[in-house]
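Values below: all heavy atoms of this structure, side chains included; hydrogens, waters and symmetry mates excluded.
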Amino acid sequence: MTLWLLWISLWAYPDPRLLPLVHQGQARAFQEDFDGARRVFQEIVRQAPEDPLGYLLLTGLYDLYMLDYSVRDSEARFFQYADLCEARARPWLKDADPHKRAWGHFYAGAAAAYKAMRFGRNRQYLPALKHALRALKHLQAAVDLDSTLYDAYLGIGTYHYALSELPKFVKWIPGIGDKREQGLREIRLAAEHGLLSRYAALDGLAWVLAYDARPYEGIRIARRLVAEFPHSRTFRWTLAFAYYRAGKYRDALRTYEDLLYYSLPDHRNYPYNLAIILYWMAKASYNRGRYATAEGYLEVVRDLLRQDSRRDLVEDLQGRVQNLQKRIDRRRHRR
């Protein structure tokens, strides 16, 4: 970090002595050292128990853990820390310093945004929407008070982009139109200038660019993330997706192979987690015209799924496997 950026960071956060711990914990979290990251973030709570920062980081850590392992077993801790973050943010919302009030709105909004995403992943759409709208209100208040609080733009941009992608039958929600480009600009602001959310914003930006038919820029961002966090499963998923969307199936396959290598030590007892990687390896092989190889991967996927008890995940992937098998069969019959 240059001296200029360090000075900006020290000025921008109310308690700048905590920032080195933030970066240390994130370096562990994004390489799936969840226990190590938890210890660092709990040290932030110990040093600054009235600051919402540590509680938000722990909320995000438990969310990342559940995504990585495809489980819901830490939801009680997740919601506990999200609630604690909002509780610690309330006094900041009344502070005389507008800069601190802005950070209070950011924390209240970020905790609500995490809740919205968690409810959304659980297909509980009404509470997800309720928390998303509350998050947007707080995050917008944060940037109204301080337009340089760039971390807030990640949630705002994600909201604008995601709602622009919803089907037309829900366009009755107030203020919704095609705001994809605006959402991209806002996520990019967080990615380029965020203090706390920079890596999450870079990862989100790479995903959105790949999804939005701009995968080559997504590849460049994801490759930088993997270079900085060389053992990361999180960022390898992003890189593989960007390669796949770009039609670079050989590179996608190689990245999924790396992802499988880094997943095996931790996910041996989570067959679905390995099966989903092999499914994407089958898709990449299919798109390269390697139908026998793709079919071989699918057979391993089926075997793994028979060993997993998470029926909702298993049934979803089984349906996708059947569809890919049908496509392979049709291709073979055309020969």
Supply the atom-to-atom distance M281 CE to I276 CD1, rounded to the nearest 0.5 angstrom.
12.5 Å
R330 side chain vs I328 backbone, donor-acceptor pair below 3.5 Å
no
Applying side-chain contact (heavy atoms from CB on, under 4.5 Å) to E299 and L304, what does each step give before you reach the verdict?
CA-CA 9 Å; E299 189 56 41; L304 286 166; over 6 Å; no
Determine, using the 4.5 Å side-chain heavy-atom cutoff (strictly less than), whether V300 and L264 are members of one ILVMFWY cluster.
yes
Contact check, side chains of R327 and R331, non-hydrogen atoms, under 4.5 Å:
no
Closer than 3.5 angstrom, by distance alone: can the side chain of H23 be matched with the main-chain N or O of L19 as a donor-acceptor pair?
yes
Can a cation-pi geometry be assigned to R28 and F34, taking NZ or CZ under 6.0 Å from the six-membered ring centre and within 45° of the ring axis?
no
Close aromatic pair by centroid cut-off 6.0 Å: Y199 and F229:
yes
Does a side chain donor of either Q322 or Q318 reach within less than 3.5 Å of an acceptor in the other side chain?
no
Using the salt bridge (charged side-chain N to carboxylate O under 4.0 Å, His left out) rule, take E257 and R254 through it: C-alpha gap first, then chi angles, then the decisive distance, then the call.
CA-CA 5 Å; E257 288 170 349; R254 187 181 301 116; 5.9 Å; no
Quick one, R72 with E75, criterion salt bridge (charged side-chain N to carboxylate O under 4.0 Å, His left out). Give me CA distance, side-chain angles, the key distance, then yes/no.
CA-CA 6 Å; R72 295 177 57 181; E75 284 190 339; 3.2 Å; yes
Walk me through whether K115 and E86 qualify under salt bridge (charged side-chain N to carboxylate O under 4.0 Å, His left out).
CA-CA 11 Å; K115 291 178 181 179; E86 291 196 69; 2.7 Å; yes
Tell me, please, which residues at least two apart from R121 pass salt bridge (Lys or Arg N to Asp or Glu O under 4.0 Å).
D63
I need the L225 CG to T234 OG1 distance, nearest 0.5 Å.
10.0 Å
Closest non-hydrogen atom pair between F106 and L139, with its separation:
O-CD2, 3.8 Å
Say whether R77 and Y62, considering side chains only, have a donor N or O and an acceptor N or O under 3.5 Å apart.
yes
Using the rule that two of Ile, Leu, Val, Met, Phe, Trp, Tyr join whenever any of their side-chain heavy atoms come within less than 4.5 Å, decide whether Y216 and W237 are in one cluster.
yes
Qualifying salt bridge (Lys or Arg N to Asp or Glu O under 4.0 Å) pairs, either residue in residues 228-248, two or more places apart:
D68-R233, R233-D266, K248-D251
Do the side chains of F41 and L53 get nearer than 4.5 Å, heavy atoms only?
no
Run Y279 and Y256 through ring-ring contact (aromatic ring centres under 6.0 Å, His included) and show every step you take.
CA-CA 10 Å; Y279 166 75; Y256 285 123; 9.5 Å; no
Verdict with supporting geometry, D316 and R320, salt bridge (charged side-chain N to carboxylate O under 4.0 Å, His left out)
CA-CA 7 Å; D316 176 73; R320 294 158 75 181; 3.4 Å; yes
Determine the minimum heavy-atom distance between G104 and L93, stating which atoms define it.
C-CD2, 3.4 Å
Any side-chain heavy atom of L149 sitting closer than 4.5 Å to one from L195?
no
Under 30°, 30 to 60°, or over 60°: which ring-plane class applies to Y270 and Y69, parallel, tilted or perpendicular?
perpendicular
In terms of heavy-atom contacts, L239 and I219 come closest through CD1-O, 4.0 Å
For residues Y114 and L56, determine if any side-chain heavy atom of one lies less than 4.5 Å from a side-chain heavy atom of the other.
yes
Main-chain N/O of A240 paired with T255 side-chain donor or acceptor, under 3.5 Å
no
Check for me, please, whether L67 and L259 land in the same ILVMFWY cluster - side-chain distances under 4.5 Å, paths through other members count.
no
What one should report as the nearest heavy-atom pair of L274 and S263 is CD2-CB, 4.0 Å
NZ of K130 to CZ of F119, rounded to nearest 0.5 Å, is 7.0 Å
Could you check R306, R311, R310 and say which one makes a side-chain hydrogen bond (donor to acceptor under 3.5 Å, both in side chains) with D308?
R310
Kindly confirm or rule out a cation-pi arrangement of K100 over W103, judged by NZ or CZ under 6.0 Å from the six-membered ring centre and within 45° of its axis?
no
I want to know whether Y244 and Y249 have ring centres closer than 6.0 Å.
yes
Would you call the rings of Y107 and Y13 parallel, tilted or perpendicular, taking 30° and 60° as the class edges?
perpendicular
Donor-acceptor under 3.5 Å (D151 side chain, L196 main chain)
yes
Residue pair N269 / Q307, side-chain heavy-atom distance below 4.5 Å
no
Considering non-hydrogen atoms only, spot the tightest contact between Y286 and A294 and give its length.
N-CB, 3.8 Å
What's the shortest heavy-atom distance between A108 and A89, and which atoms?
N-CB, 4.0 Å
Should S285 and L253 count as side-chain neighbours, where that means a heavy-atom distance under 4.5 Å?
yes
Without swapping roles, check the side chain of S147 against the backbone of V143 for a donor-acceptor pair under 3.5 Å.
no
What I want to check is whether the side chains of R118 and Q124 have a donor and an acceptor closer together than 3.5 Å.
no
So do the side chains of R101 and D97 get within less than 4.5 Å of each other, counting heavy atoms only?
no
Test item: side-chain donor near acceptor, E32 and H231, under 3.5 Å
no
